[in-house]
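What follows is one structure encoded as structure tokens, with my remarks underneath.
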Amino acid sequence: MPQPDLTFLAANASHIDALHRLIESAYRGDSARRGWTHEADLLGGQRTDHEALSEIIRADNQVILLAFDTDILIGCVQLSRVDDTTSYLGLLTVNPDMQAGGIGKQIISAAEDFVRDEWNSSLMEMTVIGKREDLITYYERRGYARTEETRPFPMEDPRFGLPKTDDLEFIVLQKPL
């Protein structure tokens with residue numbers, strides 16, 4: 001199946017409802033299980049909310065890039081400028097019915113181009129739940145490497161989901177750009 005020719009656009013307030021539906025469908029509940037990147041076995045509850053998305057969109061050091069196939073929103077990625085050389089990639093989302101078709105790879109490439117061209121970043125960083133070995137391996141195939149650093153999962157903050165296990169933590173991955 002040929003990959004769609006994606007168009008990328010920075011999210012604004014008018015995109016929040018559609019963006020929220022896309023993210024929740026890919027990360028939580030039964031709809032997420034149609035794709036391979038879901039967290040539904042590890043976390044219940046929400047992945048994000050309208051308020052958090054609004055805060056990201058309004059922030060000077062963050063952007064959510066939306067990926068459109070023609071005029072249909074099929075993916076997104078959150079980018080944050082950490083400092084003068086480092087950016088953070090998060091909230092990578094692909095419609096669960098379209099996963100495993102190369103769309104995530106295209107979104108990651110667009111994200112890396114954006115932070116390199118717009119923010120002059122030379123390093124991209126991300127965190128992944130350590131129990132997600134399949135996802136970590138996916139990112140390693142995209143050139144990201146595990147660091148020795150781990151970060152705690154916000155177990156007590158329901159804005160990030162309701163843990164179904166008590167041993168969640170993030171591992172940090174990095175890629176020079």
Side-chain angles (χ1 to χ4, degrees), residues 1-11 15-16 18-43 46-48 52-53 56-57 62-82 86-119 121 123-147 151 153 160-161 168 170-177:
M1 172 184 287
Q3 294 180 7
D5 186 23
L6 301 180
T7 303
F8 293 93
L9 176 71
H15 298 116
I16 290 175
L19 182 59
H20 184 256
R21 281 191 304 274
L22 172 70
I23 293 166
E24 294 302 312
S25 76
Y27 280 90
R28 299 288 193 270
D30 289 336
S31 64
R33 293 178 195 281
R34 293 192 309 259
W36 69 272
T37 63
H38 70 85
E39 301 169 340
D41 296 331
L42 299 174
L43 296 157
Q46 68 180 24
R47 173 59 178 86
T48 191
L53 295 172
I56 295 166
I57 289 169
Q62 296 187 72
V63 65
I64 297 177
L65 289 183
L66 305 175
F68 289 91
D69 179 8
T70 312
D71 60 350
I72 300 169
L73 177 63
I74 62 168
C76 69
V77 64
Q78 174 188 353
L79 301 169
S80 304
R81 189 173 187 178
V82 176
T86 305
S87 289
Y88 181 86
L89 184 151
L91 207 56
L92 178 63
T93 307
V94 175
N95 177 314
D97 294 325
M98 302 181 80
Q99 291 179 10
I103 294 169
K105 182 178 177 181
Q106 288 183 69
I107 295 172
I108 292 169
S109 179
E112 292 168 354
D113 290 346
F114 179 91
V115 301
R116 189 175 37 250
D117 297 346
E118 299 297 322
W119 295 340
S121 294
L123 184 70
M124 185 77 89
E125 178 179 278
M126 70 173 66
T127 56
V128 180
I129 295 173
K131 290 183 167 289
R132 297 297 320 280
E133 262 319 305
D134 53 345
L135 192 56
I136 293 166
T137 301
Y138 170 82
Y139 288 123
E140 288 174 333
R141 289 193 308 267
R142 307 275 91 67
Y144 289 82
R146 299 172 199 233
T147 68
R151 296 181 186 160
F153 185 87
F160 297 99
L168 298 179
F170 291 116
I171 67 158
V172 178
L173 304 172
Q174 293 182 336
K175 178 181 179 180
L177 302 175

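Heavy atoms only: backbone and side chains are in, while hydrogens, waters and symmetry mates are out.
Once rounded to the nearest 0.5 Å, the distance linking CG of L22 with CD1 of I72 reads 12.0 Å. Of the inter-residue distances, the one linking K175 atom NZ with E125 atom CD reads 14.5 Å to the nearest 0.5 angstrom. For the atom pair OG1 (T48) and CD (Q78), the distance works out to 8.0 Å, reported to the nearest 0.5 Å. I107 CD1 to T93 OG1: the interatomic distance, rounded to the nearest 0.5 Å, is 8.0 Å. To the nearest 0.5 angstrom, I171 atom CD1 is 5.0 Å from R146 atom CZ. Note that CG of L9 is 8.5 Å distant from CG of L65, once rounded to the nearest 0.5 Å.
Formation of a donor-acceptor pair under 3.5 Å by the Q99 side chain with backbone atoms of V94 is found in this model. Judged purely by atom type and a 3.5 angstrom limit, E24 uses its side chain to pair as donor or acceptor with the backbone of R47.
At a threshold of 4.5 Å between non-hydrogen side-chain atoms, the residues Y138 and K105 count as touching. Using a 4.5 Å cut-off on side-chain heavy atoms (C-beta onward), Y139 and L92 make contact. Taking the side chain as every heavy atom from C-beta outward, S87 and L79 never approach each other to under 4.5 Å. Using a 4.5 Å cut-off on side-chain heavy atoms (C-beta onward), Y144 and I136 make no contact. Counting heavy atoms from C-beta on, the side chains of H15 and I64 never come closer than 4.5 Å. Using a 4.5 Å heavy-atom cutoff, the side chains of L91 and L53 are in contact. Side chains of Y88 and V115 form no contact here, defined as non-hydrogen atoms less than 4.5 Å apart.
Of all non-hydrogen atoms in S121 and T86, the two that sit nearest each other are OG-C, 4.0 Å. Considering every non-hydrogen atom in both L89 and A111, the closest pair reads CD1-CB, 4.0 Å. Nearest heavy atoms, L6 versus A67: CD1-CB, 4.2 Å. The two atoms that bring L19 and C76 nearest to each other are CD1-SG, 3.6 Å, heavy atoms only.
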Begin with the C-alpha distance, continue with both residues' side-chain angles, and end with the deciding distance and a verdict on side chain to side chain contact (heavy atoms under 4.5 Å, CB included) for F170 and I129.
CA-CA 4 Å; F170 291 116; I129 295 173; 3.8 Å; yes
Residue pair E140, R132: steps toward the salt bridge (charged side-chain N to carboxylate O under 4.0 Å, His left out) verdict
CA-CA 12 Å; E140 288 174 333; R132 297 297 320 280; over 6 Å; no
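Taking the six-membered ring for Trp and thresholds of 30 and 60 degrees, W119 and F114 have ring planes more than 60 degrees apart, a perpendicular arrangement.
Atom CG of D5 sits in a sparse spot, with 12 or fewer heavy atoms from other residues, nucleotides or ligands closer than 6.0 Å.
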